[in-house]
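What follows is a set of notes on a single structure, which appears directly below.
The chains referred to below are lettered A, B, ... by the order of the sequence lines, with proteins before strands, and numbering in each begins at 1. Because only heavy atoms are used, hydrogens play no part in the values below, and waters and symmetry mates are left out as well, while side chains stay in.
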Protein chains: 2
Amino acid sequence: MNTDQLIRITRYYRSLNRLKTIGLEKVFANNLADAAGVSAAIVRKDFSQLSIYGQKRGGYQIADLLLSLGELLGKGDSQNCIIIGCGRIGKALMHYKGFEPDGIRIVAGFDSDPVVYNDTSHPVPLYPISRLDEVIRNLDVSVAIISVPEQAASDSYERVLKAGIMGVLNFSPITLKPILQEDGTLPIVHNINIALELEQIFYELKFPKNR
Amino acid sequence: MNTDQLIRITRYYRSLNRLKTIGLEKVFANNLADAAGVSAAIVRKDFSQLSIYGQKRGGYQIADLLLSLGELLGKGDSQNCIIIGCGRIGKALMHYKGFEPDGIRIVAGFDSDPVVYNDTSHPVPLYPISRLDEVIRNLDVSVAIISVPEQAASDSYERVLKAGIMGVLNFSPITLKPILQEDGTLPIVHNINIALELEQIFYELKFPKNR
DNA sequence: CTATTAATGTGAATAATTGTACATAAACCG
DNA sequence: CGGTTTATGTACAATTATTCACATTAATAG
């Protein structure tokens, strides 16, 4: 499964969950196509490749699909994260309610500023960044969210890698790249660059596609 | 210019600005390739297509490139945004320092809760969502950032469109899709789905690519 | 029970993207 | 100055992704 397909699958999964809570039982390739913003042919091809089959004419059973896709996506395993950098963005993420339904949990935050990490008014425990390795050892965590200022980003990145974290979601405007580790593994890094997204929007508004 | 290319161009532009502040004057296709995470061939092809030419052997003049790319990206025009939904994420964005160097400005925030919008401790003025149209009329704004809870997302979306906003950056987990407007134009919508990014990371960790 | 309709599943065609290879021009070196 | 190196610019090849078209199956209706 490649990255584009993975994005689509997670989108399908999301939408299916919603449809299920609404009370639907069956879904057509077309519905999922709409939800994921792709064509129906792609949906069918995706499923076909993943050996997921529906009923001719009847579409797909939502419950079955959720099961199959859930297995593919590794649902059921623990999905714990820590947050590096508890500034405004970091704190916002700690309080974010949207992770729960996906089985994602924030289990700790780290910051270099004592004023920040001594503040107990947050839903997860905060620690000084110096205790990173120690705290991680006692938690089942594989992913870190980096929400530190630009200057601290690559330093934070190296630290979490050294601590054994293998997945990183980076909110700083520096694009962090996977660095081959000593043990031969390659960390997974996703960069979210908010300013870049806005720039793209402004661009597309200024120079609309002509079609 | 297509979307992938646009992303690359904005990345080049970013990196060039950094390199310039460091004091460099020339840059090679290879450097930009590294910065944007693509191959050097693509960088050259991009520039070639955009009629941007460097010096054989000498690489590219950073200043020239910034000028050319800046023009392409529509820099110099105003890039003002408003924020719909001043919860934790909305507030974090208001205070975010990373927009300034890109010429992006947050000029107002909107919320439905009086407790929120009467709080004056923020760097931009806040208004009740009911005053959206009125306030927008007096501001040169074309892009809205939607950072409201899931349930309010599509409603907020419709409202900003009705108010004449043509670009949207959506942080809610609902995927908002461009809706053809009465005047025949299509809004530009970018969705940032944080939970989805994390899910993908967890997936990629669980099922590493075998190569 | 036959005809019709509605959806899936998939091979083939098409389009888009990326990489390769090399000709070309400029700078450098002896 | 000629030879060598370095990096651009681009044609072409390879790969990948998407769409198209249609055979296939199931349900429905008359």
A:I7 CD1 to D:dT18 P, straight-line distance once rounded to whole Å
11 Å
If you measure only the distance, is there a donor-acceptor pair under 3.5 Å linking the side chains of A:D46 and A:Y12?
yes
Would A:E100 and A:R105 pass as an ion pair if we require N to O under 4.0 Å?
no
Return the nearest nucleotide to the side chain of A:R44; candidates are D:dA21, C:dT5, D:dT8.
D:dA21
Length of the line joining B:D46:CG and D:dT10:P, which is rounded to integer Å
13 Å
By the 4.0 Å heavy-atom rule, please label A:A29 as base, sugar-phosphate, or nothing.
sugar-phosphate
List the atom pairs, with distances to 0.1 Å, where a side-chain N or O of residues 151-158 of chain A and a protein N or O form a donor-acceptor pair under 3.5 Å, not counting sequence neighbours.
residue, atom, partner, partner atom, Å
A:S156, OG, A:A152, O, 2.9
A:Y157, OH, A:K177, O, 2.6

Just to confirm, is there a sub-4.0 Å distance from OP1 or OP2 of D:dA7 to any side-chain nitrogen or oxygen of B:N30?
no
Gap between atoms CZ and C1', on B:F28 and D:dT5 respectively (whole Å):
12 Å
Could a donor-acceptor pair under 3.5 angstrom be found where the side chain of A:R57 meets the base of C:dT5?
yes
Can B:E150 and A:K97 be counted as an ion pair, charged N to O under 4.0 angstrom?
no
Could you check, using the six-membered ring where one of them is a Trp, whether B:Y60 and B:Y53 have ring centers closer than 6.0 angstrom?
no
Distance below 4.0 Å between B:S39 side-chain N/O and C:dG19 OP1 or OP2
yes
How would you label the contact of B:G54 with the nucleic acid (heavy atoms, under 4.0 Å): base, sugar-phosphate, or nothing?
sugar-phosphate
When you measure from the side chain of B:Y53, which nucleotide among D:dA27, D:dT10, D:dA17 comes out closest?
D:dT10
Whole-Å distance separating the CD atom of A:Q49 from the C1' atom of D:dT16
11 Å
By nearest-nucleotide position on DNA chain C, the 5'-leaning member of A:A41 and A:G58 is A:G58
Can you find a donor-acceptor pair, distance only, under 3.5 Å between A:K45 side chain and D:dT19 base?
yes
Among C:dT8, D:dT19, C:dA26, which nucleotide has an atom closest to any side-chain atom of B:K56?
C:dA26
Starting from the 5' end of DNA chain D, give me the residue, B:F47 or A:R8, whose nearest nucleotide shows up first.
B:F47
